[in-house]
Visitor: 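Dropping the structure in here first, questions after.
Order of appearance sets the numbers: ligands from 1, and atoms from 1 within every ligand. Any value given below was found using the heavy atoms of this structure, including those in side chains, with hydrogens, waters and symmetry copies removed. Please read all numbers here as calculations on a predicted model, not as lab measurements.
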Amino acid sequence: MYKPFLYLLTLVCFVFARVTFAQQKPNIVIIYADDLGYGDVSSYGATKIKTPNIDKLATQGLRFTQAYATSATCTPSRFSMLTGKYAWRKQGTGIAPGDAALLIPTDITTLPGMLQKAGYKTAVVGKWHLGLGPQGGPDWNQEIKPGPLEIGFNYSFILPATGDRVPCVYMENRRIVDLDPADPIRVSYKEKIGNEPTGKENPELLKMKPSHGHDNTIVNGVSRIGYMTGGKKARWIDEEMADVITNRAINFIDKNKTGPFFLYFATQDIHVPRMPHSRFVGKSGMGARGDAILQLDWTVGEVLNALDKLNLAYKTIVLFSSDNGPVLDDGYDDKAVSKLGGHKPAGSLRGGKYSAFEASTRVPFLVRWPGTIKPGVSAALISQVDLFSSFAQLTGQTLGAQDAPDSFNVLNALLGKAKNGREYIVSQALNNTLSLVQNNWKYIEPSNGPRLNKNTNTELGNNPEPQLYNLKEDISEARNVAKANPKVLQQMQATLKEVKEK
Ligand code: NG6
Ligand code: CA
């Protein structure tokens with residue numbers, strides 16, 4: 001007899017939550033994993049590894065099956081997400097060396113800048129990889145700017161580039177953390193500087209051997225891309241990195257609990273070098289890559305716990321995704337290949353990081369906002385470049401004509417109020433080959449680029465012939481049906497041309 005009453009109460013609560021939070025500005029947390037594939041977590045079908053914390057976002061929120069990073073590598077995906085503009089429109093936005101100048105112009109509206117204007121406290125914690133400092137790159141021993149603080153973040157605690165690139169130090173706001181002025185940092189991507197051992201000359205000093213590249217300066221027993229000298233006290237310990245950055249992320253949440261805040265939390269996991277904390281080592285049975293997935297899952301759990309403890313879960317949108325698809329051997333001999341077993345990092349998708357095939361950019365994408373987003377699964381087409389316009393809509397911000405030119409407002413799809421997102425997806429492969437997904441068709445433009453990345457053993461999807469796949473019948477892009485479907489091909493070529501010329 002209480003059932004109708006309970007039902008009514010739930011309904012009232014739900015409606016109340018919707019009304020209040022529609023008027024408020026919810027906190028926004030983006031947890032952005034690195035190189036995590038479509039099939040790498042159990043909520044997307046992995047059976048050989050369990051990711052209970054990431055899965056919690058799936059059961060409590062919306063799990064998107066057709067959401068995409070804009071690019072098959074890190075720098076351009078991040079560039080697009082933060083600027084609302086496809087990276088391939090701007091020269092020099094490919095994988096950035098560790099001494100690159102800031103790639104995002106300081107005079108444009110960015111995602112964090114827009115939210116800052118909406119009254120948010122904004123932070124980036126974790127991997128940056130978007131360049132720092134003026135033309136010519138940064139002087140690591142001074143105040144480093146422009147950087148995150150000049151493009152709309154109130155707080156930053158970052159790895160300047162990647163885990164496998166020098167300088168291997170943390171930067172907080174405009175300074176390198178724990179830098180001893182008597183031991184200045186110098187960095188070179190051209191030639192060896194200083195006399196510190198390198199992976200090439202002193203392999204006997206290594207904890208983990210490189211498989212390709214990655215044989216320059218040794219830091220913490222791991223040889224990196226690029227040379228560095230100095231900054232000894234400031235150098236990170238890879239095994240502690242997840243703990244260090246997770247702490248910083250949670251501190252930021254705690255300090256800004258009255259909200260609204262925007263946290264862009266970019267993990268180093270599961271990028272190389274995969275050096276998880278000892279409490280995860282050996283736990284996946286899949287080698288360092290699997291252990292790094294467990295560490296990533298732990299990270300997500302810590303963030304969710306922190307939100308629960310502060311009673312913020314209902315006031316916070318948590319979005320989880322990855323910057324590009326999976327790769328096994330990305331330059332270190334960490335047994336990712338030999339210990340893979342039956343795990344399928346990309347699920348049924350073809351290709352991987354660097355590729356033009358689906359696995360390169362179709363990634364896990366989960367959005368949770370308890371009380372507002374009804375849990376479920378969505379096949380809406382979403383690109384990470386759309387977060388800008390969607391969050392502008394959510395927070396009542398009007399964008400200028402020049403702002404976020406490639407970003408569509410897909411807020412209704414993100415919140416589960418609409419089945420459809422954008423009309424098409426444009427993805428960029430390593431060598432800039434573009435592809436288009438629309439109405440379950442996938443078109444890859446002709447390219448003379450290499451077919452295989454031999455180092456990583458990834459099919460790159462380049463072909464001098466146009467490729468067309470029917471994703472509904474052929475999710476693994478096995479049969480090129482371009483010749484049999486000239487009309488579809490023509491129409492998709494026209495759409496891509498239009499987007500390019502926009
Ligand atoms: C490649 C690196 C790879 C990785 C990648 C960037 C070599 C041989 N390979 O050039 O290890 O660092 O760049 O990855 O150096 S990303 O996810 O940050 O885009
Ligand atoms: Ca990446």
Visitor: Once you measure the plane-to-plane angle for Y469 and F357, does it fall in the parallel (<30°), tilted (30-60°) or perpendicular (>60°) bin?
Guide: perpendicular

Visitor: With no hydrogens and no angle check, is any side-chain donor or acceptor of S223 less than 3.5 Å from a backbone partner on T217?
Guide: no

Visitor: In terms of atom number and element, which parts of ligand 1 are under 4.0 angstrom from non-hydrogen atoms of H129?
Guide: 18 (O)

Visitor: Taking the six-membered ring for Trp, are F365 and F64 parallel (under 30°), tilted (30 to 60°) or perpendicular (over 60°)?
Guide: perpendicular

Visitor: Within a distance under 4.0 Å of any heavy atom of T162, pick out the atoms of ligand 1 and give their elements.
Guide: 18 (O)

Visitor: Looking at CG of D215 and CG of N202, how far apart are the two atoms once the value is rounded to the nearest 0.5 Å?
Guide: 11.5 Å

Visitor: Under 4.0 Å from a heavy atom of T73: give me the atoms of ligand 1 that qualify, with their elements.
Guide: 19 (O)

Visitor: Nearest protein heavy-atom contact for atom 17 (O) of ligand 1: which residue, which atom, what distance?
Guide: K353 NZ, 2.9 Å

Visitor: Going by the angle between their ring planes, with limits at 30° and 60°, are W128 and F153 parallel, tilted or perpendicular?
Guide: perpendicular

Visitor: Identify, for atom 12 (O) of ligand 1, the protein heavy atom at the shortest distance, and state residue, atom and that distance.
Guide: D164 OD2, 2.7 Å

Visitor: Tell me whether the count of non-hydrogen atoms from other residues, nucleotides or ligands lying under 6.0 Å of CD in Q135 goes above 12.
Guide: no

Visitor: Take the angle between the ring planes of H277 and F280 and call it parallel below 30°, perpendicular above 60°, tilted in between.
Guide: perpendicular

Visitor: Given OD1 of D323 on one side and OD1 of D34 on the other, what angle do they make at the Ca ion (ligand 2), to 10°?
Guide: 80°

Visitor: Between the Ca ion (ligand 2) and D35, which N, O or S atom of the residue is the nearest one?
Guide: OD1

Visitor: Can you name the atoms of ligand 1, numbered from 1 with element, that are less than 4.0 Å from a heavy atom of Y354?
Guide: 1 (C), 3 (C), 4 (C), 5 (C)

Visitor: Among all protein non-hydrogen atoms, which one is nearest to atom 11 (O) of ligand 1, and what is the separation to 0.1 Å?
Guide: D330 O, 2.7 Å

Visitor: When you measure from the Ca ion (ligand 2) to the N, O or S atoms of N324, does any of those distances fall below 3.0 Å?
Guide: yes

Visitor: Please report the shortest heavy-atom distance between A101 and G136, naming the atom on each side.
Guide: CB-N, 4.3 Å

Visitor: Of all the non-hydrogen atoms in the protein, which one sits nearest to atom 8 (C) of ligand 1, and at what distance?
Guide: H212 CD2, 3.4 Å

Visitor: Examine ligand 1 and decide if any of its atoms is less than 4.0 Å from a heavy atom belonging to C74.
Guide: yes

Visitor: Within the 4.0 Å heavy-atom shell around D34, which atoms of ligand 1 are there?
Guide: 17 (O)

Visitor: Parallel under 30°, tilted from 30 to 60°, perpendicular over 60°: which one fits the rings of W88 and Y86?
Guide: parallel

Visitor: Please could you name the atoms of ligand 1 that N324 approaches to less than 4.0 Å, counting only its heavy atoms?
Guide: 17 (O)

Visitor: For ligand 1, which atoms sit closer than 4.0 Å to a heavy atom of K127?
Guide: 16 (S), 17 (O), 18 (O)

Visitor: One residue to check: N455. Relative to ligand 1, which of side chain, backbone, both or neither has a non-hydrogen atom less than 4.0 Å away?
Guide: neither

Visitor: Would you call E150 and R174 a salt bridge, taking side-chain N to carboxylate O under 4.0 Å as the test?
Guide: yes

Visitor: Number the atoms of ligand 1 from 1 as they appear, then name those within less than 4.0 Å of a heavy atom of I225, with their elements.
Guide: 15 (O)

Visitor: Can you tell me which residue and heavy atom of the protein come closest to atom 10 (O) of ligand 1, and the distance to 0.1 Å?
Guide: R165 NH2, 3.5 Å

Visitor: Looking only at distance, does H214 have an N or O less than 3.5 Å from an N or O of ligand 1?
Guide: yes

Visitor: Using the side-chain contact (heavy atoms from CB on, under 4.5 Å) definition, which of the options V385, I382, N409 pairs with R422?
Guide: V385

Visitor: For R451, is there an ion pair with E459 - N to carboxylate O distance below 4.0 angstrom?
Guide: no

